[in-house]
There are 2 protein chains.
Amino acid sequence: MRQKEKVTIYDISKKLNISAATVSRALNDSNRVSLKTKELVLKTAKALNYQQNALALALKSGRTFNVGVVVPYINHTFFASVIRGIEEELEPKGYHVIICQSHEDVNNEAKQLKTLLNTHIDGIFISVSKTTEDVKHIEEVRDEGIPLIFFDRKKDISGVSSVTINDYEGAYNATTHLIEQGYKKIAHIGGDHKLQIYKHRYDGYVAALNDHNIAIDENLIMQVSSTVEAGIEAVKLLMKRKIAFDALFSASDYVALGGMRELRAHGFKIPEDIGVVGFSNEPFTKYLERPLTTVGQTPVLMGQIAAQVFLEQISDVKKNVQVEKKVVLSPELYTRDTSSKKGS
Amino acid sequence: MRQKEKVTIYDISKKLNISAATVSRALNDSNRVSLKTKELVLKTAKALNYQQNALALALKSGRTFNVGVVVPYINHTFFASVIRGIEEELEPKGYHVIICQSHEDVNNEAKQLKTLLNTHIDGIFISVSKTTEDVKHIEEVRDEGIPLIFFDRKKDISGVSSVTINDYEGAYNATTHLIEQGYKKIAHIGGDHKLQIYKHRYDGYVAALNDHNIAIDENLIMQVSSTVEAGIEAVKLLMKRKIAFDALFSASDYVALGGMRELRAHGFKIPEDIGVVGFSNEPFTKYLERPLTTVGQTPVLMGQIAAQVFLEQISDVKKNVQVEKKVVLSPELYTRDTSSKKGS
DNA sequence: TTGTACGCGTTATCAT
DNA sequence: ATGATAACGCGTACAA
């Protein structure tokens with residue numbers, strides 16, 4: 001089956017014996033067309049089922065009304081929710097969201113950015129991959145003059161806006177909560193400090209211990225990737241070190257899940273023997289046999305705000321001002337079963 | 001900051017004092033250009049950092065090398081994995097994947113399809129929403145001559161290819177497994193039969209019971225949505241009916257998770273008192289305190305095959321043949337803790 | 001082998 | 001208020 005041939009403004013102009021220019025003006029609701037012809041054009045456009053050719057418009061105007069979002073993985077609830085927030089905010093304005101995955105690989109990330117630029121998107125939202133150290137590919141986007149917004153995982157690049165959450169605060173509150181519950185020796189399985197979010201969570205953890213006069217034990221601190229398997233391995237290693245601890249603050253719900261599994265395998269009861277707090281409030285955490293205490297991040301809101309920043313930015317571009325806006329959201333601790341020392 | 005101005009084939013042509021046409025031919029490796037000028041063009045193109053304008057090309061050729069994927073939700077591991085499979089297969093061929101969510105809403109689905117058509121994609125992959133009954137919007141895509149491929153959740157529409165898994169077989173095997181483990185009274189919390197997958201899973205469940213001479217009890221069969229909350233509610237209802245059962249086959253891992261939670265709340269032990277089998281092999285199922293027996297679906301493979309079907313299809317279009325290919329994959333049962341009557 | 005000219009569908013500019 | 005024309009960047013049929 002061959003493509004159905006599209007109707008253009010020329011078809012309308014021929015039918016009405018007017019010029020294509022007039023049709024264009026009428027369709028764009030210009031005030032330089034008589035009301036009569038305007039109505040006529042609109043009517044026949046509808047009758048012929050006219051659809052504006054977005055490609056031609058984009059070629060002409062330079063705007064595609066597409067924006068790109070680059071995330072490590074789309075199947076993480078957190079990222080999916082941020083995307084949802086962006087969509088909610090931008091769809092009413094006529095924008096379409098193109099979603100790309102970096103799979104935590106810088107090369108992939110660079111490639112996706114290149115493809116997006118080539119697709120002539122109007123803006124890019126990005127949460128950088130774990131392996132992103134060199135940021136040349138990101139600066140290139142900025143230098144092209146494409147509005148660029150970091151969310152959650154950012155790099156410090158001048159001229160780029162960002163929307164993040166206060167990871168420090170989230171970690172501080174989570175750790176303090178464990179201390180207040182009576183746990184004394186708190187391990188921290190975090191993520192790679194190359195990502196600011198994990199560094200900040202580590203800092204929050206350390207600050208909370210300091211503020212409560214608890215000594216930091218480097219043997220109880222690890223950096224692993226955000227997977228269930230990594231959580232299992234981390235606890236195995238902790239066990240091998242034979243350094244007792246009675247609580248675990250993880251920078252990832254997945255790691256916490258794996259960690260709890262391994263702790264139970266060693267005969268520990270949660271939360272009686274060992275308290276556990278995760279990070280992200282992934283949906284499954286709420287429905288575990290022992291619901292997991294975790295730090296929630298309002299990802300939908302993050303997406304909405306990122307989108308708003310984008311919209312501001314493109315209006316600023318017109319004014320030839322360059323802004324660099326930094327929004328930081330507050331996290332919230334969800335206190336559930338795994339962190340109350342006396343059991344629940 | 002204003003957009004950096006792009007270099008075009010005209011810039012190259014001016015620099016080399018040749019026509020733009022020759023540049024175009026050289027860049028497209030036509031054999032109607034001398035080797036010398038070809039090399040020259042390629043060199044200066046690289047020097048000027050020339051990037052082909054995808055928009056202009058698309059306007060001219062009618063092909064964008066973009067394909068659209070419409071799924072209910074991107075944060076379901078199953079759909080995310082299918083998308084991964086499509087990407088893997090299509091990216092090497094130069095295609096870019098645009099991901100859309102219907103949020104299980106037919107109107108949204110129709111809107112997304114319309115937007116995709118307007119973006120001039122080269123093909124569409126779709127897993128229909130739960131609320132999709134009227135398929136006019138899908139037939140419209142087909143009638144536009146855009147290659148269209150269903151995956152997992154399909155509708156019977158002539159001229160549309162599909163890649164699905166054998167849900168009947170998966171359910172039959174899961175139910176048979178429970179029977180062989182010694183469970184006698186097996187409840188089934190399925191999904192809305194408007195979706196073929198859930199109807200087929202129901203059919204497989206019924207067939208397995210029949211083949212083992214177990215009577216069907218309609219009171220033990222429900223249709224709910226695929227969420228943890230729905231699983232909780234469903235088991236609550238089952239309890240209220242006061243009809244004993246010793247196993248639960250759910251058409252969704254999320255429902256199984258909620259169901260188990262509620263069963264435990266009523267004092268039942270899993271799997272000793274009640275055996276449970278889910279469907280989809282979501283990642284979390286493996287790491288629960290009691291790992292969940294579930295039916296796995298090879299979603300990445302499904303995506304790869306769907307992409308291959310698409311590639312075949314576009315080559316067939318050239319030959320003006322219309323094909324309708326139906327691929328059915330086999331599911332696999334992952335036997336874990338929640339279905340062994342004696343405990344593990 | 002290379003150049004000229006046109007068209008893809010739209011909007012903006014300049015006339016009328 | 002409307003029309004003619006150029007331009008966005010590219011590929012290609014036709015001419016040279």
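Just so it is clear: chains get the letters A, B, ... in the order the sequence lines come, proteins before strands, and each one is counted from 1. All values below were derived from every heavy atom in this structure, side-chain atoms included, with hydrogens, water molecules and symmetry-related copies excluded.
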Can you measure A/Lys6 atom NZ to C/dG7 atom C1' for me and round it to whole angstrom units? 18 Å

Using a heavy-atom cut-off of under 4.0 Å over every strand shown, decide if B/Ile18 touches base, sugar-phosphate, or nothing. sugar-phosphate

Between B/Leu148 and B/Arg142, what is the shortest heavy-atom contact and its length? CD2-N, 4.4 Å

Here the distance between atom C1' of C/dT11 and atom CD1 of A/Ile12, to the nearest Å, is 15 Å

Are B/Lys6 and B/Asn53 close enough that some pair of their side-chain heavy atoms sits under 4.5 Å apart? no

Does anything in residues 23-37 of chain B reach DNA chain C, meaning a heavy atom under 4.0 Å, and if so which residues? B/Arg25, B/Asn31, B/Arg32, B/Val33, B/Ser34, B/Thr37

With sugar-phosphate meaning primed atoms plus P, OP1 and OP2, does A/Asp11 contact a base, only sugar-phosphate, or nothing at under 4.0 Å between heavy atoms? nothing

Send over the distance from A/Arg63 CZ to C/dT10 C1', rounded to a whole Å. 15 Å

Distance, rounded to the nearest Å, where A/Tyr50 contributes OH and C/dG9 contributes C1': 7 Å

Closest non-hydrogen atom pair, B/Glu144 against B/Leu117: CG-CD1, 4.1 Å

On a heavy-atom basis, the closest approach of B/Val106 and B/Glu133 is CG2-N, 4.2 Å

Give one of base, sugar-phosphate or nothing for A/Leu57, where a contact means two heavy atoms less than 4.0 Å apart. sugar-phosphate

From CD (B/Glu109) to NE2 (B/His103), nearest 0.5 Å: 12.0 Å

Check if the side chain of A/Lys60 and the base of C/dT11 share a donor-acceptor pair of N or O atoms closer than 3.5 Å. yes

Between P of C/dG7 and CG of A/Asn53, the distance in whole Å: 17 Å

Minimum heavy-atom separation for A/Ala307 to A/Glu89, with atom names? CB-CB, 3.5 Å

Whole-Å distance separating the CG atom of B/Leu59 from the C1' atom of D/dT12: 15 Å

Is there a side-chain contact between A/Gln51 and the phosphate of C/dG9, meaning an N or O under 4.0 Å from OP1 or OP2? no

OP1 or OP2 of D/dG3 sitting under 4.0 Å from any side-chain N/O of A/Ser19? yes

Side-chain heavy atoms of B/Ile86 within contact of B/Val82, under 4.5 Å: yes

Round to a whole Å and report the spacing from CG of B/Asn17 to P of C/dT4. 12 Å

Can you check whether any acceptor in the base of D/dC10 is under 3.5 Å from a donor in the side chain of B/Tyr10, or vice versa? yes

Extract all donor-acceptor atom pairs below 3.5 Å that involve side chains of residues 122-129 of chain A and protein atoms in other chains or at least two apart in sequence.
residue: A/Asp122; atom: OD1; partner: A/Thr64; partner atom: N; Å: 3.0
residue: A/Asp122; atom: OD1; partner: A/Thr64; partner atom: OG1; Å: 3.3
residue: A/Asp122; atom: OD2; partner: A/Thr64; partner atom: N; Å: 3.4
residue: A/Asp122; atom: OD2; partner: A/Phe65; partner atom: N; Å: 2.8
residue: A/Ser127; atom: OG; partner: A/Phe151; partner atom: O; Å: 2.8
residue: A/Ser127; atom: OG; partner: A/Arg153; partner atom: N; Å: 3.2
residue: A/Ser129; atom: OG; partner: A/Thr131; partner atom: N; Å: 3.1
residue: A/Ser129; atom: OG; partner: A/Thr131; partner atom: OG1; Å: 3.0
residue: A/Ser129; atom: OG; partner: A/Thr132; partner atom: N; Å: 3.3
residue: A/Ser129; atom: OG; partner: A/Thr132; partner atom: OG1; Å: 2.9

Just wondering, do B/His96 and A/Ile98 contact through their side chains at under 4.5 Å, heavy atoms? yes

Spacing of B/Ile9 atom CD1 relative to D/dT12 atom P, expressed in whole Å: 11 Å

Degree of bending in the helix from C/dT1-D/dA16 to C/dT16-D/dA1 once both end axes are built from five pairs, to 10°: 50°

B/Thr22, nearest nucleotide to its side chain (from C/dA12, C/dT2, C/dG9): C/dT2

Applying the side-chain hydrogen bond (donor to acceptor under 3.5 Å, both in side chains) criterion to A/Ser161, which one of A/Lys154, A/Glu312, A/Lys325, A/Gln313 satisfies it? A/Gln313

